[in-house]
Visitor: 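Below is a structure I'd like to ask you about.
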Amino acid sequence: MKPFLILVPLALLAACNSQSSDKADPAADDTSSAVTPVPPQPNETSPPDQPAAAWDLASSGEGASLVFPAFGDPAIRLFCPARKGEILVNVPAFRPIGSEERLSFGSGSAVHALVADTSGDRQRGGVSGTGAVPGNLGALIGGPVSVNYGAQNSGPHAAPPQELARAFIAACGKGAPDPTAGPAPKPTAGNISACLMQDGRRLSVTPLRAVGTEPFWGARIEGRCVTYSHPEDQQGTRVWTRYSANGGGGGWTGALGGSRFVLTSRPQPGCSDGMSDKRYPLAVELTVGGEQRRGCAGPL
């Protein structure tokens, strides 16, 4: 019996040593405490994407402006000064051209011409055109907006949102002079037709209508704008010219279809158009498409 009693404590001691050895095994500890790696999460604080190109409307005591795009360098600005009834369109990327005095803007078939400052816009950069607020301003900015100056073009730019367009039109309308406020302001480049402006001054030119035969042609003259028509173009094509006075007559020089366009007038009482008994006070000569034509002219 004594040997048996001695073996039992020894067996119990061996079992305790085995358990203590298992707990001390580093490999066992690592296995029991292992954690499944968490995949990296996206950076929730990363900056948002830049806003898409859009229009911005701003107003102040000086007037209302509609600018595209709303972020970054402006591509086009439309501005209506307060209480003047005028609109200014500026394109900073345009390069001034000393002989180009017309800047046009609009959407689709709706186009309006403004008087451009040939020396450029020192305050805003590029080139600006000014004129009276057109009655069809809603159509001019009702779709993608484009601006043209000589051979330079900007756009078409995305159409302004309707709510911004309506607010800008309303602001421009409020800028019209109050007829009860006193005498009307003197004519300026901003409130008369672009056809009557040249070198920043108003032209004093009697509106004329010229007619000729062999072949038949006609011309309607308003300031420096000449609308030339013929049997194949009865509606006529407007030619922007440079006007010069000439001893009781005048000269209009421009280009049509890539060719030189020159119309001159001189006094000749009793000038006959060869088609009727009507007599005109002026004789005219026209160079167009490399051909020279003759005719008569009188006041509209």
Side-chain angles (χ1 to χ4, degrees), residues 44-95 102-117 120-150 152-181 184-185 188-195 197:
E44 297 179 356
T45 61
S46 60
D49 294 337
Q50 288 293 328
W55 290 81
D56 183 35
L57 177 66
S59 60
S60 66
E62 295 183 356
S65 62
L66 193 61
V67 182
F68 181 89
F71 304 93
D73 296 331
I76 173 178
R77 299 183 181 93
L78 288 79
F79 177 68
C80 284
R83 298 177 298 278
K84 288 189 177 182
E86 301 176 4
I87 189 170
L88 176 147
V89 176
N90 168 257
V91 177
F94 281 172
R95 177 178 56 83
R102 180 184 64 162
L103 181 146
S104 302
F105 80 103
S107 178
S109 60
V111 181
H112 185 74
L114 301 171
V115 178
D117 186 343
D121 190 326
R122 295 183 179 180
Q123 177 182 350
R124 302 171 184 84
V127 178
S128 293
T130 57
V133 176
N136 64 335
L137 181 57
L140 295 171
I141 61 175
V145 179
S146 299
V147 185
N148 169 265
Y149 176 67
Q152 303 175 72
N153 296 282
S154 179
H157 302 292
Q162 293 184 2
E163 62 274 14
L164 293 189
R166 286 194 294 265
F168 181 69
I169 294 168
C172 292
K174 291 179 181 178
D178 184 352
T180 65
T188 66
N191 57 26
I192 63 175
S193 169
C195 292
M197 295 297 299

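Reckoned from all heavy atoms, side chains included, excluding hydrogens, waters and symmetry mates.
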Visitor: Which pair of heavy atoms, one from F94 and one from Q152, lies closest together, and at what distance?
Guide: CA-OE1, 3.4 Å
Visitor: Heavy atoms, side chains only, cut-off 4.5 Å: are V127 and V91 in contact?
Guide: no
Visitor: With sequence neighbours left out, write down each residue that passes side chain to side chain donor-acceptor pair (under 3.5 Å) with R77, or none if nothing qualifies.
Guide: N90
Visitor: Counting only N and O atoms by type, is there a donor-acceptor contact under 3.5 Å from the side chain of W55 to the main-chain atoms of A158?
Guide: yes
Visitor: Any sub-3.5 Å donor-acceptor pair from N136's side-chain atoms to G138's backbone N or O?
Guide: no
Visitor: Which value, rounded to the nearest 0.5 Å, describes the distance between I76 atom CD1 and L66 atom CG?
Guide: 8.5 Å
Visitor: Checking the side chain of E86 only, and the main-chain atoms of P81 only, is there a donor and an acceptor separated by less than 3.5 Å?
Guide: no
Visitor: Return the minimal non-hydrogen interatomic distance between P156 and S146, and the atom names on each side.
Guide: CA-OG, 3.1 Å
Visitor: Can you list the residues that meet the ring-ring contact (aromatic ring centres under 6.0 Å, His included) rule with H112, with sequence neighbours excluded?
Guide: none
Visitor: Check whether more than 12 heavy atoms from other residues, nucleotides or ligands sit under 6.0 Å from atom CD of E163, and answer yes or no.
Guide: yes
Visitor: Write down the atom of P134, the atom of F105, and the distance for their closest heavy-atom approach.
Guide: CG-CZ, 4.5 Å
Visitor: For L114 and T130, work out which heavy atoms get closest and say how close.
Guide: CB-O, 3.5 Å
Visitor: Specify the closest pair of heavy atoms between S128 and L103, including all atoms of both residues, with the distance to one decimal.
Guide: C-CD1, 4.3 Å
Visitor: Between S107 and P144 (side chain of the first, backbone of the second, donor and acceptor by atom type, cut-off under 3.5 Å), is there such a pair?
Guide: yes
